[in-house]
Amino acid sequence: MAGAGISTDAGIPDFRSPETGLYDNLQSYKLPYPEAIFSIDYFRRQPKPFYVLAKELYPGQFVPTKSHFFVKLLEKKGLLRRHYTQNIDCLERVAGIDPELIVEAHGSFHTAHCIGRKCLKEYSQAWVKEKIFQDEIPRCNVCKSLVKPDITFFGEGLPPRFFELLENDFGSCDLLVVMGTSLLVQPFASLINDVANSVPRLLINRVRVGEASAPGTGFDFDGKHVGRTHRDALVLGDCDAACVLLAERLGWTDELAELRSAFLEETNSLGQDQ
Ligand code: APR
Ligand code: ZN
């Protein structure tokens, strides 16, 4: 399970980190409240702020992080059941993870639709991207309603794929790794309680999140609720550093480095540090 924290080292701000988080940097959009930029009701009235932000965050300008490549390595090792992400940056796809193994719980820029209730015409990412980069508000050429990338806005339902897969996935999960998320947004956050009681859960995050207020309602790193440290482990720190450490402990250091350097060569993109 992943959130914005696995993409910050790629240069994409997360949402809630103080100062650097997106929600602390939207003053220029004069929003009624920060999340409005992703609220469907506000978007219908004032679409401009979202499109300005979309241009800044648009996929294709960022290189996946070591955390993304660590998930790709899990896939290569046949250990990845599914990767549930809240991120809309498509960096999992860019890192080459099999889309069949990805659930983009909050959608992504990958496809787009007219939001006219009687229309819903599909538009390609390329069409929308062109409009966004020409600072034009994409409007449907059939009904003139707004065209929005298929990102799940507050007030919209999550993609059906999320609900279709989660029961089997979390029911058969034998190790849950949660990386770079504040676990504040439902229904994604409560997925951590959907694995069996015996399944070990590892949180990798800069700060402690998702802790139980009562038995079975979240992480219990200190065994407060079950009287002993039971199955929850915590790595307080950077996702990339933790993934490199995990790879080291597993004897996968070279393979992880190789995945990333092969990507950089292939796309001859200027990675931050070679
Ligand atoms: N390494 C480890 N943790 C990190 C890193 C990093 N490099 N960068 C940020 N973090 C941590 C932050 O400390 C924070 O706890 O990741 C978490 C990111 O939390 P949010 O900014 O709330 O992002 P996320 O949990 O993905 O937000 C969930 O909120 O607005 C909605 O739809 C949006 O999908 C988003 C959802
Ligand atoms: Zn339309």
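The model shown is predicted, which means the values in this text are computed figures rather than measured ones. This chain uses plain numbering: 1 for the first residue, then up along the sequence. Values below: every heavy atom of this structure, side chains too, minus hydrogens, waters and symmetry copies. Order of listing sets the numbers, starting from 1, for every ligand and every atom in it.
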Do the non-hydrogen side-chain atoms of L101 and R81 ever get within less than 4.5 Å of each other?
-> no
Can you name the residues that come within less than 4.0 Å of ligand 1, going by heavy atoms only?
-> G3, A4, G5, T8, D9, D14, F15, R16, S17, Y23, Q86, H106, F154, G180, T181, S182, V185, N205, R206, V207, G237, D238, C239
Do you reckon V142 sits in the same ILVMFWY cluster as I137, going by side-chain contacts under 4.5 Å, direct or chained?
-> no
Indicate yes or no: at least one non-hydrogen side-chain atom of R208 is less than 4.5 angstrom from one of L234.
-> yes
Any sub-3.5 Å donor-acceptor pair from E136's side-chain atoms to F133's backbone N or O?
-> no
Close aromatic pair by centroid cut-off 6.0 Å: F188 and Y84 = no
Protein N, O or S atoms less than 2.8 Å from the Zn ion (ligand 2), ignoring waters?
-> C114 SG, C119 SG, C140 SG, C143 SG
Starting from the C-alpha separation in whole Å, work towards a yes-or-no answer on salt bridge (charged side-chain N to carboxylate O under 4.0 Å, His left out) for E104 and R93.
-> CA-CA 10 Å; E104 290 158 329; R93 291 171 186 262; 2.7 Å; yes
Parallel, tilted or perpendicular: rings of F109 and Y58 (30°, 60°) = tilted
Rounding to 0.5 Å, atoms CG (L202) and CE (M179) come to a distance of 9.0 Å
Going by heavy atoms in the side chains, are H110 and D150 under 4.5 Å from each other?
-> no
